[in-house]
Number of protein chains: 2
Amino acid sequence: MTAQPAPARRITRQREAVRDALAASDEFVSAQSLHQSLRAEGSSVGLATVYRALAALAEDGEADALQSGGEVLYRACTPSHHHHLICRRCGRTVELEAAAVERWAGQVAAEHGFVEPEHVVDIFGLCAECAARR
Amino acid sequence: MTAQPAPARRITRQREAVRDALAASDEFVSAQSLHQSLRAEGSSVGLATVYRALAALAEDGEADALQSGGEVLYRACTPSHHHHLICRRCGRTVELEAAAVERWAGQVAAEHGFVEPEHVVDIFGLCAECAARR
DNA sequence: GCGGAAATTGACAATCGTTCTCATCCGCGC
DNA sequence: GCGCGGATGAGAACGATTGTCAATTTCCGC
């Protein structure tokens with residue numbers, strides 16, 4: 001296998017705190033702001049640790065990550081593959097299933113001789129509320 | 001209108017150099033590497049200027065930008081809306097048309113009450129050559 | 001062809017998100 | 001309870017990008 005030596009992940013107070021904080025928000029948040037939230041509610045967690053915990057969650061498929069405005073945002077997510085519809089104003093996010101898109105991506109990749117296709121599919125827009133508030 | 005005072009874009013040796021250098025490459029490149037290429041071939045262009053030129057090109061729709069590995073990559077592109085199929089190994093890129101995906105994105109956004117939808121759709125994989133070279 | 005207002009440039013400092021270092025701490029299997 | 005190796009945290013280090021500002025260059029009308 002190409003599997004790494006399996007880092008053997010441990011359960012610590014800090015990691016649980018990060019996981020909980022992430023689960024408590026239903027929108028994408030940055031490592032920085034998550035760190036501040038934790039600090040604000042008394043949890044003493046180092047910034048570096050928040051980064052490491054988020055990276056670990058993303059790697060384990062427990063969180064989605066996306067780059068926006070020069071920083072990486074995270075959000076707790078369902079384990080199955082999916083995409084997002086995100087309000088670019090308030091950050092509200094809807095998870096999307098899109099079998100048709102999956103199929104299309106795989107097919108297009110194959111047509112051009114590409115293998116091991118992965119894809120990034122996200123839709124940004126203004127949610128109804130934010131649009132009304134104009 | 002909410003239109004800005006229109007900065008009135010000018011044609012300069014540096015901007016042309018950046019545009020040419022970008023057009024000379026058929027894969028995504030970073031501002032940093034583009035700057036080095038220009039320097040290597042004798043063009044004296046400041047790094048900040050390369051950043052500004054690339055940002056201007058992207059804004060004018062003459063270049064596509066995508067974030068990868070903490071940096072922003074640029075590539076000259078056709079003026080019409082399109083997506084990409086990118087080799088994650090060598091960077092070779094294929095531009096894709098995908099009317100069906102456009103329609104899907106607009107429809108899904110509408111279903112959830114979102115307006116002004118924009119979407120990011122890119123496929124990463126290993127091109128035939130890179131896959132064979134294993 | 002000239003003059004001048006305004007955009008542009010470039011060298012460098014400043015930001016800012018993220019990663020690294022390393023000594024200390026602690027989860028977990030025995 | 002003991003000990004190994006992963007985890008933590010404070011701060012330094014890093015690297016991409018942006019801001020600053022005086023000097024330069026473009027382009028407009030005349």
Side-chain angles (χ1 to χ4, degrees), chain A residues 3-22 25 27-60 62-75 91, chain B residues 3-22 25 27-60 62-75 91:
Chain A
Q4 295 91 34
R9 201 140 282 164
R10 288 182 183 173
I11 297 174
T12 64
R13 172 178 63 76
Q14 293 88 336
R15 277 223 231 280
E16 295 295 285
V18 170
R19 189 206 304 276
D20 292 348
L22 195 62
S25 168
E27 49 192 67
F28 280 86
V29 294
S30 66
Q32 304 274 352
S33 65
L34 197 73
H35 176 236
Q36 293 193 315
S37 304
L38 286 169
R39 277 295 171 85
E41 60 184 52
S43 299
S44 158
V45 184
L47 178 58
T49 299
V50 173
Y51 274 101
R52 286 184 287 234
L54 287 174
L57 286 171
E59 195 177 319
D60 294 348
E62 292 191 58
D64 280 322
L66 73 81
Q67 305 199 327
S68 169
E71 61 184 4
V72 180
L73 304 180
Y74 294 90
R75 178 171 182 277
Chain B
Q4 295 92 33
R9 200 140 285 167
R10 288 180 183 175
I11 296 174
T12 65
R13 172 180 64 75
Q14 294 89 335
R15 275 222 234 281
E16 294 295 284
V18 170
R19 191 206 302 279
D20 292 348
L22 195 63
S25 168
E27 49 192 70
F28 280 87
V29 294
S30 67
Q32 303 276 354
S33 66
L34 198 74
H35 176 237
Q36 294 194 315
S37 304
L38 287 169
R39 278 295 170 83
E41 60 183 51
S43 300
S44 158
V45 184
L47 178 57
T49 300
V50 173
Y51 273 101
R52 286 183 287 234
L54 286 174
L57 286 171
E59 194 177 320
D60 294 348
E62 292 191 59
D64 280 321
L66 73 79
Q67 305 199 327
S68 169
E71 61 185 4
V72 180
L73 304 180
Y74 293 90
R75 180 172 182 276

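Here is how names work: the chains are called A, B, and so on, in the same order as the sequence lines, proteins then strands, and each is numbered from 1.
- Straight-line distance from the CG atom of B/Leu54 to the C1' atom of D/dA16: 13 Å, rounded to whole Å.
- For A/Glu71, the side-chain atoms get nearest to C/dG17 when compared with the rest of C/dG17, C/dG27, D/dG11.
- Residues B/Ile11 and B/Leu73 each lie close to DNA chain D; by heavy-atom proximity, the contact nearer the 5' end of the strand is made by B/Leu73.
- Taking both residues in full, the closest heavy atoms of A/Ala56 and A/Arg15 are given as CB-NH1, 4.5 Å, listed atom of the first, atom of the second, then distance.
- Side-chain atoms of B/Thr12 lie closest to C/dT9 of the nucleotides D/dT17, C/dT9, D/dT8.
- Judged by distance alone, with hydrogens and angles left aside, B/Arg10 brings a side-chain donor or acceptor within reach of the base of C/dA6, the pair sitting under 3.5 Å.
- When the side-chain nitrogen and oxygen atoms of A/Arg15 are compared with OP1 and OP2 of D/dG6, none of them lie within a distance under 4.0 Å.
- A straight line from CD of A/Glu59 to C1' of D/dG6 spans 14 Å, rounded to a whole angstrom.
- Closest heavy-atom contact between B/Leu34 and B/Ala21: CD1-CB, 3.9 Å.
- Judged by distance alone with a 3.5 Å cut-off, a donor-acceptor contact links the side chain of A/Arg52 to the base of D/dG9.
- Considering only side-chain atoms of A/Thr49, the nucleotide from D/dT17, C/dG10, D/dG9 that sits closest is D/dG9.
- With D/dG9, C/dG10, D/dT17 as the candidates, the nucleotide lying closest to the side chain of B/Arg13 is C/dG10.
- Comparing atom distances between the A/Ala48 side chain and each of C/dC20, D/dT17, C/dT18 picks out C/dC20 as nearest.
- B/Leu34 has its CG atom 14 Å from the P atom of D/dA16, to the nearest Å.
- When distances are taken from the side chain of A/Gln14 to each of C/dT9, D/dG9, C/dG17, the shortest belongs to D/dG9.
- In terms of phosphate contacts, A/Tyr51 brings no side-chain nitrogen or oxygen within less than 4.0 Å of OP1 or OP2 of C/dT19.
- To the nearest angstrom, P of C/dT9 lies 10 Å from CZ of B/Arg9.
- The two residues A/Leu47 and A/Gln32 come nearest to each other via the heavy atoms CD2-OE1, 4.1 Å.
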Exercise. Can you list the steps and then say if B/Leu57 with B/Tyr74 is a side chain to side chain contact (heavy atoms under 4.5 Å, CB included)?
Worked result: CA-CA 9 Å; B/Leu57 286 171; B/Tyr74 293 90; over 6 Å; no

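- Using a 4.5 Å heavy-atom threshold, the side chains of A/Arg19 and A/Glu16 count as touching.
- Residue B/Ser30 is classed as having no contact, given no heavy-atom separation below 4.0 Å to the nucleic acid.
- The distance between atom CD of A/Gln32 and atom P of C/dT15, rounded to the nearest whole Å, is 16 Å.
- The distance between atom CD of B/Glu16 and atom P of C/dT8, rounded to the nearest whole Å, is 13 Å.
- Mapping B/Ala55 and A/Leu47 onto DNA chain D via the closest heavy atom, the residue that lands nearer the 5' end is A/Leu47.
- Between B/Gln67 atom CD and D/dG15 atom P there is a gap of 19 Å when expressed in whole angstrom units.
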